[in-house]
Amino acid sequence: MGESLDVIYKGLANLKNGFKPIPGKLYVTKEYLIHKPNDYFADDVMISFEDVARIEGMMTKILGRDMLANLLEVEMKKGERFQFVINKQKKWLLALEKVLTERGEAEKLVCNK
């Protein structure tokens with residue numbers, strides 16, 4: 001992460017990359033959502049909130065049915081999407097809501113029932 005960034009929330013997260021998940025840690029700062037993979041062959045993913053169009057908590061489907069609230073989907077303004085498999089989705093969404101509200105970008109967070 002080079003420069004010092006104040007971490008607001010962090011936890012284990014897999015970045016979904018087709019059928020091969022990339023395990024690592026996910027960090028929320030005031031400016032970025034950062035995925036640092038465990039595997040030194042994979043690069044860090046730094047997502048600037050400025051470039052985000054939408055962040056949504058989603059459900060993992062098993063046999064076509066919503067089963068687990070453990071996905072965080074980030075859609076960029078240019079259309080690229082990232083999906084992270086996380087634990088404690090509600091805590092992640094609360095942390096993201098806090099950051100986006102402070103940035104004046106609360107509308108980027110899609111809240112599901």
Side-chain angles (χ1 to χ4, degrees):
M1 279 190 292
E3 74 268 12
S4 172
L5 297 171
D6 290 333
V7 175
I8 293 164
Y9 193 77
K10 67 180 178 179
L12 297 175
N14 288 344
L15 172 61
K16 288 180 80 173
N17 183 11
F19 290 107
K20 181 183 180 258
I22 301 171
K25 289 188 178 168
L26 191 61
Y27 299 88
V28 176
T29 72
K30 291 181 181 181
E31 306 273 327
Y32 299 99
L33 188 61
I34 304 165
H35 183 260
K36 290 190 70 64
N38 296 342
D39 183 355
Y40 58 90
F41 291 106
D43 294 327
D44 291 3
V45 175
M46 289 191 68
I47 299 170
S48 171
F49 288 121
E50 198 172 282
D51 299 328
V52 167
R54 177 184 64 84
I55 299 176
E56 183 175 357
M58 301 184 77
M59 304 279 283
T60 293
K61 292 183 185 293
I62 298 174
L63 299 175
R65 299 183 68 183
D66 289 343
M67 297 299 274
L68 300 169
N70 70 340
L71 291 178
L72 192 62
E73 183 173 89
V74 180
E75 183 178 348
M76 307 303 288
K77 289 179 180 174
K78 292 183 178 178
E80 187 177 11
R81 288 185 183 188
F82 298 93
Q83 275 196 339
F84 300 96
V85 180
I86 54 172
N87 293 316
K88 301 178 183 167
Q89 185 188 70
K90 286 182 182 178
K91 288 187 178 186
W92 280 101
L93 293 174
L94 286 172
L96 288 164
E97 179 180 34
K98 179 179 184 252
V99 169
L100 291 172
T101 299
E102 287 175 2
R103 293 176 55 86
E105 301 174 323
E107 72 283 352
K108 291 182 177 182
L109 187 63
V110 176
C111 295
N112 295 328
K113 49 213 164 293

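- Contact detail for Ala42 and Ile22: the closest heavy-atom pair is CB-CG2, 4.0 Å.
- A 4.5 Å side-chain heavy-atom check between Asp44 and Lys36 finds at least one atom pair inside the cut-off.
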Could you walk me through whether Met67 and Thr60 pass side chain to side chain contact (heavy atoms under 4.5 Å, CB included), step by step? CA-CA 6 Å; Met67 297 299 274; Thr60 293; 5.9 Å; no
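- Between Phe49 and Lys108, the shortest heavy-atom contact is O-NZ, 2.7 Å.
- Of the inter-residue distances, the one linking Leu100 atom CG with Lys30 atom NZ reads 13.5 Å to the nearest 0.5 angstrom.
- Side-chain atoms of Gln89 come within 3.5 Å of backbone atoms of Met58 as a donor-acceptor pair (strictly under, hydrogens ignored).
- Cluster annotation: Phe84 and Met76 are assigned to the same hydrophobic cluster (Ile/Leu/Val/Met/Phe/Trp/Tyr, side-chain heavy-atom contacts under 4.5 Å, transitive).
- Rounding to the nearest 0.5 Å places NZ of Lys88 at 13.5 Å from CG of Asn70.
- Inter-residue side-chain proximity for Val74 and Ile55 is flagged as met; some heavy-atom pair is nearer than 4.5 Å.
- Note on Met59: it does not cluster hydrophobically with Leu68, by side-chain heavy-atom contacts below 4.5 Å among ILVMFWY residues.
- Cluster membership check: Tyr32 does not share its hydrophobic cluster with Leu72, using side-chain heavy-atom separations under 4.5 Å among Ile, Leu, Val, Met, Phe, Trp and Tyr.
- Ile86 CD1 to Leu71 CG: the interatomic distance, rounded to the nearest 0.5 Å, is 7.5 Å.
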Yes or no on salt bridge (Lys or Arg N to Asp or Glu O under 4.0 Å) for Arg54 and Glu73, after CA distance, side-chain angles and deciding distance? CA-CA 8 Å; Arg54 177 184 64 84; Glu73 183 173 89; 2.5 Å; yes
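- Shortest non-hydrogen contact noted between Glu50 and Arg103 is N-NH2, 3.6 Å.
- For Glu97, the side chain to side chain contact (heavy atoms under 4.5 Å, CB included) test picks out Leu94, Thr101, Leu109, with sequence neighbours left out.
- Residue Asn38 comes nearest to Gly24 through the heavy atom pair OD1-CA, 3.4 Å, listed as atom of the first residue, atom of the second, then distance.
- A single hydrophobic cluster is not seen to contain both Tyr27 and Phe82; linkage of ILVMFWY side chains at heavy-atom distances under 4.5 Å, directly or through other members, places them apart.
- Side-chain atoms of Lys78 never come within 3.5 Å of backbone atoms of Asp51 as a donor-acceptor pair (strictly under, hydrogens ignored).
- Asn14 contributes atom CG, which lies 6.5 Å from atom NE2 of His35 (distance to the nearest 0.5 angstrom).
- One distance of note links CG of Leu15 with NZ of Lys20; it measures 10.0 Å at 0.5 Å rounding.
- Legend: residues meeting side chain to side chain contact (heavy atoms under 4.5 Å, CB included) with Ala95, ordered by chain and number and at least two apart, are Tyr9.
- Residues Leu12 and Val85 are members of separate hydrophobic clusters, defined by side-chain heavy-atom contacts under 4.5 angstrom among Ile, Leu, Val, Met, Phe, Trp and Tyr.
- Taking CG of Leu26 as the reference point, atom CG of Leu33 lies at 4.5 Å (rounded to 0.5 Å).
- Heavy atoms of other residues, nucleotides or ligands lying less than 6.0 angstrom from CD of Glu107 number more than 12.
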With side chain to side chain contact (heavy atoms under 4.5 Å, CB included) as the test, would you mind laying out the steps for Lys98 and Val28 before giving the verdict? CA-CA 10 Å; Lys98 179 179 184 252; Val28 176; over 6 Å; no
